[in-house]
Number of protein chains: 4
Amino acid sequence: MKASIIGTTGYGGAELLRILNQHPEFDIQSIHSTRDDLPIWHEYPHLYNVIDNTLQAIDPEKIALKADVVFLATPSGISGELAGKFVDKDIKVIDLSGDLRLDANQYQQWYKKEPVNQALINKAVYGLSEWNSEEIQPAHLISNPGCYPTAALLSLAPVIKEDIVQVDSIIVDAKSGISGAGRSLSRSSSFSEANENFSAYKVNQHQHTPEIEKQLHKWNENIQPITFTTQLLPITRGIMATSYVKLKESYTSPQLLELYEQTYNSCPFIRIRPENNYPSVKEVAGSNYCDIGMHVDERTGRVTIISVIDNLMKGAAGQAVQNANIMFGMNETTGLNFIPLYP
Amino acid sequence: MKASIIGTTGYGGAELLRILNQHPEFDIQSIHSTRDDLPIWHEYPHLYNVIDNTLQAIDPEKIALKADVVFLATPSGISGELAGKFVDKDIKVIDLSGDLRLDANQYQQWYKKEPVNQALINKAVYGLSEWNSEEIQPAHLISNPGCYPTAALLSLAPVIKEDIVQVDSIIVDAKSGISGAGRSLSRSSSFSEANENFSAYKVNQHQHTPEIEKQLHKWNENIQPITFTTQLLPITRGIMATSYVKLKESYTSPQLLELYEQTYNSCPFIRIRPENNYPSVKEVAGSNYCDIGMHVDERTGRVTIISVIDNLMKGAAGQAVQNANIMFGMNETTGLNFIPLYP
Amino acid sequence: MKASIIGTTGYGGAELLRILNQHPEFDIQSIHSTRDDLPIWHEYPHLYNVIDNTLQAIDPEKIALKADVVFLATPSGISGELAGKFVDKDIKVIDLSGDLRLDANQYQQWYKKEPVNQALINKAVYGLSEWNSEEIQPAHLISNPGCYPTAALLSLAPVIKEDIVQVDSIIVDAKSGISGAGRSLSRSSSFSEANENFSAYKVNQHQHTPEIEKQLHKWNENIQPITFTTQLLPITRGIMATSYVKLKESYTSPQLLELYEQTYNSCPFIRIRPENNYPSVKEVAGSNYCDIGMHVDERTGRVTIISVIDNLMKGAAGQAVQNANIMFGMNETTGLNFIPLYP
Amino acid sequence: MKASIIGTTGYGGAELLRILNQHPEFDIQSIHSTRDDLPIWHEYPHLYNVIDNTLQAIDPEKIALKADVVFLATPSGISGELAGKFVDKDIKVIDLSGDLRLDANQYQQWYKKEPVNQALINKAVYGLSEWNSEEIQPAHLISNPGCYPTAALLSLAPVIKEDIVQVDSIIVDAKSGISGAGRSLSRSSSFSEANENFSAYKVNQHQHTPEIEKQLHKWNENIQPITFTTQLLPITRGIMATSYVKLKESYTSPQLLELYEQTYNSCPFIRIRPENNYPSVKEVAGSNYCDIGMHVDERTGRVTIISVIDNLMKGAAGQAVQNANIMFGMNETTGLNFIPLYP
């Protein structure tokens with residue numbers, strides 16, 4: 001299968017290269033960027049002598065002639081237009097941007113940008129691999145989930161679907177490594193400002209809030225607005241979502257863990273930690289795992305759920321390839337058996 | 001005034017040295033440690049040619065002959081015995097450990113250690129400087145607050161005292177730099193494990209939980225058990241407490257900020273940030289400030305309150321000296337006007 | 001082929017697990033440690049659900065019954081005894097410790113420990129894969145090179161063998177990430193001390209000095225003692241060796257680069273950077289590459305040579321598996337095609 | 001004394017604010033930037049409620065009416081023009097940029113920029129405080145040394161002046177924290193690229209090379225071109241210069257240390273470490289110290305000299321204030337007694 005990547009110079013694009021270069025079924029057919037005619041190793045010297053490709057201009061007509069699947073690792077505001085062109089030609093598209101995740105009006109409200117037309121949005125299947133594989137398999141257009149929503153949704157799904165938490169009690173306190181901000185330069189992602197620091201941003205205003213709520217609603221229509229906090233960790237990779245929910249009835253930690261174990265029984269990338277064991281972000285670095293641990297506090301009737309992912313893997317490129325695997329009928333783990341790099 | 005420090009080789013002790021060496025009113029009379037007969041710069045080469053003192057054995061009788069105030073920067077389990085000896089001789093004591101903060105039975109339950117006798121605990125005044133100065137001023141024995149409780153309590157006090165939040169809605173998601181774990185060696189504080197990592201620990205079981213609740217109760221006896229999460233940041237100094245409370249009635253962010261501004265009007269170390277501005281931990285590094293920002297989410301009726309301190313300063317040695325200043329009738333800022341070291 | 005690992009709980013052992021678990025030809029037969037009867041994921045939660053093995057006691061007799069190759073990832077002072085037992089039974093051994101790299105008297109002088117008996121040392125082949133593959137292939141006992149020597153020797157070899165530098169001019173200013181210090185706890189590798197820091201240690205006394213000199217001598221017997229400095233970087237993985245040599249005659253940077261290109265023409269893990277391009281340590285993280293860049297300064301007649309490796313990969317476990325590949329007649333890259341994890 | 005700062009939004013400017021705000025003799029009269037009309041705390045929230053000043057336009061006429069001394073913390077290429085205007089009005093100027101450190105032709109060659117006119121350069125006194133105080137005291141225009149040259153020159157001065165090293169043997173392998181690159185955004189100073197990384201840059205081409213050589217020549221006219229390497233540490237503050245020189249005759253480490261002790265006997269900011277003790281960069285963080293350690297290797301006849309400074313303090317703002325102290329006849333330590341912030 002031939003894969004083309006558009007938006008290759010960002011971190012999501014680079015991670016797609018790392019995965020696809022070692023993937024047994026996908027070949028990197030071509031790589032594209034607004035900065036074309038440049039060997040990719042000029043941007044990413046770690047790929048020197050490994051990936052020889054040269055960046056090409058973004059010409060959908062030419063790309064469509066050869067690609068079986070196109071990964072859009074472009075910033076918000078661009079992929080909408082591109083996606084449509086490939087979909088019209090029956091080429092499978094996986095869009096890593098946020099452009100197709102929300103309804104047009106919600107997009108406008110939270111992204112403060114012009115939305116893609118609603119018809120295209122309607123065609124897109126939300127690529128939360130563990131929960132949507134039946135829709136993903138036949139889809140032509142995948143809207144790959146955001147990094148924060150992936151961590152939050154995978155850890156909330158069992159209790160929300162089981163309807164055992166108070167619907168207005170959901171709080172997600174999330175922390176992300178700085179690569180989540182992408183590769184464009186900014187004050188907050190400069191070393192001297194981010195190092196030895198920890199900061200909250202977009203408090204109660206992060207654009208991933210409605211994305212999380214939209215999926216929670218699909219699982220349980222009574223869910224009320226959530227509180228969602230995003231904070232910047234002085235690390236490169238990794239997200240932790242620490243979630244708080246209030247139980248309707250009494251459960252013990254082992255009972256809840258059992259529910260999670262059963263729910264994710266057939267999901268190779270979800271690792272439910274045993275009681276009193278909580279995952280740290282480094283324990284999934286470089287891998288496609290989402291690790292989840294939890295504890296019921298009998299004093300408060302609340303559950304603390306901790307989930308971690310590598311934001312560039314399960315939170316972006318890894319899940320994108322997982323979705324591609326599903327779309328092309330392969331085992332979802334194909335080419336994704338990376339063991340976390342520790343320490 | 002002559003100050004002696006016991007437990008000087010830990011990070012709290014080293015920070016006391018940094019502060020007291022530059023303090024216009026306190027002289028460092030003597031420094032003590034179980035590792036005696038060692039010039040302090042052997043342990044801390046940054047003090048070479050700055051602080052010439054040699055560590056001495058911990059002999060309360062000898063210390064009592066010369067000191068006006070004794071700082072106990074010892075680990076949990078030690079200071080109880082020492083504190084009593086100085087108090088009996090009318091020497092002022094400031095205990096940075098957790099040994100005198102809880103009632104004996106609670107201490108045993110959360111610290112899993114033998115408590116100090118309750119009579120001594122009863123003599124100790126809780127040294128939350130901004131809220132307890134009237135009791136601190138005449139006190140002979142101060143129980144200096146924990147780092148997490150300082151950050152949490154200062155940021156919750158105004159809404160709790162004003163009784164405007166639902167009493168069972170308090171969640172504190174706290175993050176600390178690794179110096180908070182002290183200087184003794186452990187796997188979780190080794191560089192290769194902590195670097196590029198972020199982890200939760202003692203989930204729902206941290207010994208600072210009852211300390212926070214005890215003070216909240218004094219302010220508002222209806223307060224229910226809180227959810228308190230502690231997490232390890234890959235930085236050396238700094239704590240952020242991100243707190244969530246549900247409002248009983250509707251407030252706007254400006255209204256709440258006004259409440260905080262008024263409450264802390266005369267507190268030089270509390271800086272309430274303007275609307276839409278949130279403090280980051282590095283913005284108080286090396287200083288005694290506690291910076292607080294907040295936002296009311298009208299969608300959920302919850303307030304997100306963000307407070308930051310330097311755990312070794314306002315969270316330990318800084319607040320200890322602030323308390324000493326109050327006890328000796330000085331301006332509470334004396335010798336504490338450190339501007340944060342940024343970047 | 002069946003591989004056993006002794007000393008599995010150290011970082012070298014953990015990295016061997018990561019490599020061998022994904023290796024197409026080697027199976028992890030058994031893992032051993034002084035801490036036995038513990039599932040390895042208890043020590044390394046990142047391996048949860050990935051590597052199920054339980055640590056076993058170090059019983060050479062039992063290990064010898066099943067293993068084709070034994071990796072000794074033990075600390076200095078232990079492997080000498082173990083190695084002999086396997087060698088006697090014709091089981092191939094790769095020793096990652098420093099115990100077999102020096103002659104007994106030099107070992108005693110630099111390691112300040114009792115050396116292994118010289119007869120065993122004589123049997124060991126120095127496993128600098130790119131330069132010694134003919135000896136490595138038939139060997140039964142490999143002494144795997146140290147991390148610093150690997151970085152230094154690979155970058156010095158071409159000019160030393162070509163005999164174009166002044167023999168008393170060699171200076172290697174080396175910097176290592178903290179995982180190089182191993183997993184045992186120490187003050188200098190604790191986060192609060194190492195973070196935001198950079199320090200030199202064992203100045204002119206590092207035990208890797210004679211290891212480097214020994215190999216340089218084999219290439220050029222006139223080489224004089226070198227100056228070798230080791231410094232601790234506040235990163236987990238990575239070594240940079242910045243080497244300085246004075247040229248006997250005039251060369252340009254392109255001429256030298258051409259020499260390096262030719263020398264390492266058939267070495268898949270050595271990447272010679274083009275002129276004016278210098279490798280950084282992160283550009284090889286998680287991979288088995290050694291990247292080299294250089295510049296001739298016409299003002300001084302000196303060459304600055306910069307080489308980087310991942311100390312746990314090419315500097316330890318990666319090179320060990322590369323040697324195992326060579327010993328068993330496989331392509332040396334088998335199971336080692338890791339693309340650096342960047343960013 | 002009234003001080004004005006031009007170029008206040010850079011890190012050098014921010015550090016001048018931190019120092020001067022606490023300085024007993026200098027008042028911050030005004031602060032200036034191309035971004036004017038902004039309270040400085042908008043740029044630097046850590047100064048909230050501490051420094052109320054608002055940035056003003058850079059109007060030399062107006063500044064000259066009130067200031068006794070002007071600090072130019074502007075980027076290269078700007079201060080030349082400004083400096084002249086103040087000097088003409090007999091206002092003392094301390095220029096932190098590199099514009100006045102080299103002769104015009106050398107500047108052009110190494111900075112690749114248009115130089116300031118030579119007449120102004122001739123008026124400037126090189127502000128290496130420990131070595132030039134007699135010229136600094138009466139000067140009107142100080143060219144404040146670069147960060148790397150400060151670390152290198154202070155550590156080389158004793159052996160160069162004593163003429164005991166081979167004049168063509170000097171190598172300085174220098175490492176700097178990322179704040180040294182200033183506050184403007186760049187790929188190499190972005191967190192995701194710099195974190196967990198270490199890289200060399202401008203190999204043999206750094207513009208501080210001729211600055212170091214110029215001063216070495218003043219001390220010893222036979223000094224030959226040096227080898228000077230600059231490398232980027234993943235820390236915010238701190239420089240280490242590891243220097244290598246070959247001795248003409250035999251010396252022991254204690255003998256050399258004695259020479260250094262005597263040389264810097266009356267220099268409060270220079271701390272010569274005892275034998276076998278080497279300074280690390282964190283041990284001077286936030287302070288104006290330059291710590292030096294060294295070792296003679298009898299095997300090679302070379303000395304390894306290690307010096308560390310905080311690049312924003314002794315390498316920029318700290319030394320600038322030290323020079324201002326000297327110019328105005330104060331004790332050079334006035335307002336500079338910062339104890340390093342450790343850990």
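We name chains A, B, ... by the order of the sequence lines, and we start the count at 1 in each one. Side-chain atoms are counted along with the backbone in the values below, which use heavy atoms only and exclude waters and symmetry mates. Only a predicted model underlies this, so the values are computations on that prediction, with no experimental measurement involved.
Annotation for B/L96 and B/A320: closest pair CD1-CB, 3.9 Å, computed over non-hydrogen atoms. Across all their heavy atoms, D/L232 and D/F198 have their closest contact at O-CD1, 3.2 Å. In terms of heavy-atom proximity, D/I178 sits nearest to D/P234 at CD1-CA, 4.2 Å. The heavy-atom pair separating B/G318 from B/L336 by the smallest distance is O-CD1, 3.7 Å. Closest of all the heavy-atom pairs between B/I51 and B/I40 is O-CG2, 3.6 Å. Here the closest non-hydrogen pair linking B/I305 and B/I292 is CG2-CG2, 3.9 Å.
Interface remark: D/P274 contributes backbone and side-chain atoms alike to the contact with chain B (heavy atom separation under 4.5 Å). Looking at D/I19, there are no atoms closer than 4.5 Å to chain B (heavy atoms on both sides), in backbone or side chain. Both the backbone and the side chain of B/L47 come within less than 4.5 Å of a heavy atom in chain D.
Put simply, of B/P268, B/P279, B/P340, the one with the most heavy-atom pairs under 4.5 Å next to chain D is B/P340.
By the 4.5 Å heavy-atom criterion applied to side chains, D/L312 and B/P343 are counted as neighbours.
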List, with distances to 0.1 Å, the donor-acceptor pairs found between chain D and chain B - the cut-off being under 3.5 Å and no angle criterion applied.
unit_1 : atom_1 : unit_2 : atom_2 : d
D/Q22  : NE2    : B/N337 : O      : 2.7
D/H46  : O      : B/R271 : NH1    : 3.0
D/H46  : O      : B/R271 : NH2    : 3.4
D/Y48  : O      : B/R271 : NH1    : 2.6
D/Y48  : OH     : B/I272 : O      : 3.3
D/N195 : ND2    : B/E196 : OE2    : 2.6
D/E196 : OE2    : B/N195 : ND2    : 2.6
D/R237 : NE     : B/P343 : O      : 2.8
D/R237 : NH2    : B/P343 : O      : 3.4
D/R271 : NH1    : B/H46  : O      : 2.9
D/R271 : NH1    : B/Y48  : O      : 2.6
D/R271 : NH2    : B/H46  : O      : 3.4
D/I272 : O      : B/Y48  : OH     : 3.3
D/N337 : O      : B/Q22  : NE2    : 2.7
D/P343 : O      : B/R237 : NE     : 2.8
D/P343 : O      : B/R237 : NH2    : 3.4

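Taken to the nearest 0.5 Å, the CD1 atom of B/I31 stands 7.0 Å off from the CD1 atom of B/I5.
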